[in-house]
Amino acid sequence: MKKSKQNNPESILKRWVKYFNEADLDGLLGLYHLNCTVLPTFVPSVLSTQEQIKEYLFNCLNRLKVVEINNDAIVKQRLTENIYLLTGFYIFYFDNDRKREFKSRFTFLIDLSTEKPIQHHHSSQIFESLF
(Lines give C-alpha, C1' and ligand atoms only; values in the text may rest on other atoms or scores of the structure.)
Protein backbone atom coordinates (compact mmCIF):
# COMPACT_ATOMS: atom_id res chain seq x y z
CA MET A 1 0.00 0.00 0.00
CA LYS A 2 1.39 3.37 -1.00
CA LYS A 3 1.75 6.13 1.53
CA SER A 4 -0.01 9.48 1.02
CA LYS A 5 2.06 12.11 -0.76
CA GLN A 6 1.06 14.60 1.93
CA ASN A 7 2.60 14.68 5.37
CA ASN A 8 -0.16 16.45 7.28
CA PRO A 9 -3.96 16.34 7.33
CA GLU A 10 -4.30 20.05 6.53
CA SER A 11 -2.68 19.48 3.14
CA ILE A 12 -5.25 16.76 2.37
CA LEU A 13 -8.04 19.21 3.24
CA LYS A 14 -6.46 21.89 1.01
CA ARG A 15 -6.30 19.42 -1.87
CA TRP A 16 -9.95 18.46 -1.28
CA VAL A 17 -10.99 22.14 -1.50
CA LYS A 18 -8.80 22.71 -4.57
CA TYR A 19 -10.23 19.71 -6.41
CA PHE A 20 -13.79 20.64 -5.43
CA ASN A 21 -13.39 24.24 -6.62
CA GLU A 22 -11.80 23.07 -9.88
CA ALA A 23 -14.62 20.53 -10.37
CA ASP A 24 -11.93 17.83 -10.56
CA LEU A 25 -13.91 14.65 -9.93
CA ASP A 26 -10.92 12.35 -10.47
CA GLY A 27 -8.83 14.41 -8.06
CA LEU A 28 -11.53 14.22 -5.38
CA LEU A 29 -12.08 10.50 -5.85
CA GLY A 30 -8.34 9.97 -5.58
CA LEU A 31 -8.50 11.20 -1.98
CA TYR A 32 -11.22 8.78 -0.84
CA HIS A 33 -10.11 5.35 0.36
CA LEU A 34 -11.71 2.38 -1.39
CA ASN A 35 -13.50 1.43 1.86
CA CYS A 36 -14.48 5.00 2.74
CA THR A 37 -17.89 5.95 4.07
CA VAL A 38 -19.52 9.31 3.47
CA LEU A 39 -22.40 10.86 5.39
CA PRO A 40 -23.21 13.56 2.83
CA THR A 41 -24.69 17.01 3.18
CA PHE A 42 -27.13 16.92 0.30
CA VAL A 43 -28.65 13.41 0.34
CA PRO A 44 -30.18 11.48 3.26
CA SER A 45 -28.20 8.25 2.99
CA VAL A 46 -24.85 6.75 3.91
CA LEU A 47 -22.53 6.25 0.95
CA SER A 48 -20.28 3.23 1.27
CA THR A 49 -19.20 2.30 -2.25
CA GLN A 50 -16.92 4.09 -4.68
CA GLU A 51 -19.77 4.26 -7.21
CA GLN A 52 -22.11 5.93 -4.69
CA ILE A 53 -19.42 8.42 -3.68
CA LYS A 54 -18.58 9.15 -7.31
CA GLU A 55 -22.23 9.79 -8.21
CA TYR A 56 -22.70 12.06 -5.22
CA LEU A 57 -19.56 14.09 -5.90
CA PHE A 58 -20.45 14.32 -9.60
CA ASN A 59 -23.84 15.79 -8.68
CA CYS A 60 -22.28 18.23 -6.21
CA LEU A 61 -19.74 19.44 -8.73
CA ASN A 62 -22.51 20.04 -11.27
CA ARG A 63 -24.73 22.00 -8.86
CA LEU A 64 -22.28 23.83 -6.62
CA LYS A 65 -19.64 26.32 -7.70
CA VAL A 66 -17.35 26.95 -4.73
CA VAL A 67 -16.58 25.69 -1.25
CA GLU A 68 -14.75 27.78 1.34
CA ILE A 69 -13.25 26.44 4.55
CA ASN A 70 -13.20 28.44 7.75
CA ASN A 71 -9.55 27.73 8.55
CA ASP A 72 -9.75 29.51 11.93
CA ALA A 73 -12.30 27.00 13.26
CA ILE A 74 -10.62 23.71 12.31
CA VAL A 75 -10.05 21.29 15.17
CA LYS A 76 -7.34 18.71 14.53
CA GLN A 77 -7.05 15.61 16.67
CA ARG A 78 -4.22 13.13 16.27
CA LEU A 79 -5.59 9.67 16.97
CA THR A 80 -2.50 7.61 16.10
CA GLU A 81 0.82 8.27 14.41
CA ASN A 82 -0.84 8.57 10.97
CA ILE A 83 -4.55 8.98 11.66
CA TYR A 84 -6.18 12.35 12.25
CA LEU A 85 -9.65 13.74 12.72
CA LEU A 86 -10.31 17.16 11.21
CA THR A 87 -13.53 18.91 12.18
CA GLY A 88 -14.70 22.33 11.11
CA PHE A 89 -17.00 24.46 9.02
CA TYR A 90 -17.35 25.17 5.35
CA ILE A 91 -19.73 27.05 3.08
CA PHE A 92 -20.95 25.74 -0.24
CA TYR A 93 -21.93 28.37 -2.80
CA PHE A 94 -24.41 27.73 -5.59
CA ASP A 95 -23.14 30.56 -7.77
CA ASN A 96 -19.84 32.27 -8.46
CA ASP A 97 -20.91 35.59 -6.96
CA ARG A 98 -21.51 33.78 -3.63
CA LYS A 99 -25.07 35.05 -3.12
CA ARG A 100 -26.61 31.63 -2.45
CA GLU A 101 -24.81 29.77 0.32
CA PHE A 102 -25.22 26.59 2.32
CA LYS A 103 -23.36 26.63 5.63
CA SER A 104 -22.21 23.21 6.75
CA ARG A 105 -19.86 21.42 9.12
CA PHE A 106 -17.47 18.59 8.31
CA THR A 107 -15.45 15.81 9.81
CA PHE A 108 -12.71 14.02 7.88
CA LEU A 109 -10.97 10.92 9.18
CA ILE A 110 -7.59 10.95 7.45
CA ASP A 111 -4.98 8.21 7.36
CA LEU A 112 -1.67 9.59 6.11
CA SER A 113 -0.21 6.09 5.72
CA THR A 114 -2.36 5.42 2.64
CA GLU A 115 -2.33 6.89 -0.85
CA LYS A 116 -6.10 7.55 -0.63
CA PRO A 117 -6.16 9.08 2.85
CA ILE A 118 -9.83 9.99 3.46
CA GLN A 119 -11.29 7.07 5.41
CA HIS A 120 -14.54 8.78 6.43
CA HIS A 121 -16.22 12.09 5.58
CA HIS A 122 -19.24 13.44 7.44
CA SER A 123 -20.89 16.66 6.37
CA SER A 124 -24.12 18.27 7.53
CA GLN A 125 -25.98 21.53 7.36
CA ILE A 126 -25.58 24.00 10.21
CA PHE A 127 -28.92 24.79 11.78
CA GLU A 128 -29.75 27.70 14.06
CA SER A 129 -28.93 26.97 17.64
CA LEU A 130 -31.80 25.99 19.92
CA PHE A 131 -29.87 26.93 23.07
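The first residue of the sequence shown is numbered 1, and numbering continues consecutively from there.
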Heavy-atom distance under 4.5 Å between the side chains of K76 and Y84, does that happen here? yes
Rounded to the nearest 0.5 Å, how far apart are CZ of F89 and OG of S104? 10.5 Å
Beyond-backbone contact of R15 with L31, side-chain heavy atoms, under 4.5 angstrom: yes
I need the minimum non-hydrogen distance between P40 and S45, along with the two atoms involved. CD-O, 2.9 Å
Can you check whether G30's main-chain N or O pairs, donor with acceptor, with D26's side chain at less than 3.5 Å? no
Between the CD atom in E115 and the CG atom in L34, the distance rounded to the nearest 0.5 Å is 10.0 Å
In terms of heavy-atom contacts, T37 and S48 come closest through CG2-CB, 4.2 Å
Could you report the tightest heavy-atom contact between T41 and S124, atom names first, then the distance? OG1-N, 3.9 Å
Are D111 and H33 packed together at the side-chain level, in the sense that at least one heavy-atom pair is separated by less than 4.5 angstrom? no
With the side chain counted from C-beta on, respond yes when L25 and Y19 share a heavy-atom pair under 4.5 Å apart, and no when they do not. no
For the CD atom of Q50 and the CD atom of E55, what is their distance to the nearest 0.5 Å? 13.0 Å
Is there a side-chain contact between L112 and I83 (heavy atoms, below 4.5 Å)? no
Whether the side chain of Q52 engages the backbone of T49 through a donor-acceptor N/O pair (distance < 3.5 Å, no angle test) should be reported. yes
Should L109 and L79 be marked as a side chain to side chain contact (heavy atoms under 4.5 Å, CB included) after you check the CA-CA gap, both sets of side-chain angles, and the distance that decides it? CA-CA 10 Å; L109 181 65; L79 303 179; 3.8 Å; yes
CG (L64) and CD1 (I91) are apart, to the nearest 0.5 Å, by 13.0 Å
Residues passing the side-chain hydrogen bond (donor to acceptor under 3.5 Å, both in side chains) test with H121, sequence neighbours excluded, are Y32, Y90
Check the angle between the aromatic planes of F20 and F92 and answer parallel, tilted or perpendicular using the 30° and 60° thresholds. tilted
Closer than 3.5 angstrom, by distance alone: can the side chain of H122 be matched with the main-chain N or O of L39 as a donor-acceptor pair? no
Nearest 0.5 Å please: distance from the NZ atom of K116 over to the SG atom of C36. 10.5 Å
Got a donor-acceptor contact below 3.5 angstrom from the Y56 side chain to the E51 backbone? no
Evaluate whether atom CZ of F58 has more than 12 neighbouring non-hydrogen atoms of other residues, nucleotides or ligands under 6.0 angstrom away. no
Is any side-chain heavy atom of I69 closer than 4.5 Å to one of I74? yes
Cluster link F94 to I126, ILVMFWY, side chain under 4.5 Å: no
Does K14 pair with E10 as a salt bridge, N-O distance under 4.0 Å? no
Between F106 and F108, is the ring centroid distance below 6.0 Å? yes
Not counting sequence neighbours, which residues clear side-chain hydrogen bond (donor to acceptor under 3.5 Å, both in side chains) with Q125? List them please. none
Quick check against the 3.5 Å criterion: does E68 have a side-chain atom that pairs as donor or acceptor with the backbone of V17? no
Would you check if L29 and L57 make a side-chain contact, meaning some heavy-atom pair closer than 4.5 Å? yes
Please confirm whether the ring centroid of Y93 lies under 6.0 Å from the ring centroid of F102. no
Taking N21 for its side chain and V67 for its backbone only, find out whether a donor-acceptor pair lies under 3.5 Å. yes
Please report the interatomic distance CD1(I110) to CG(L85), rounded to the nearest 0.5 Å. 8.5 Å
Give me the atom names and distance for the closest heavy-atom approach of P117 to I12. CG-CD1, 3.5 Å
May I ask you to test the I53-L28 pair for a side-chain heavy-atom distance under 4.5 Å? no
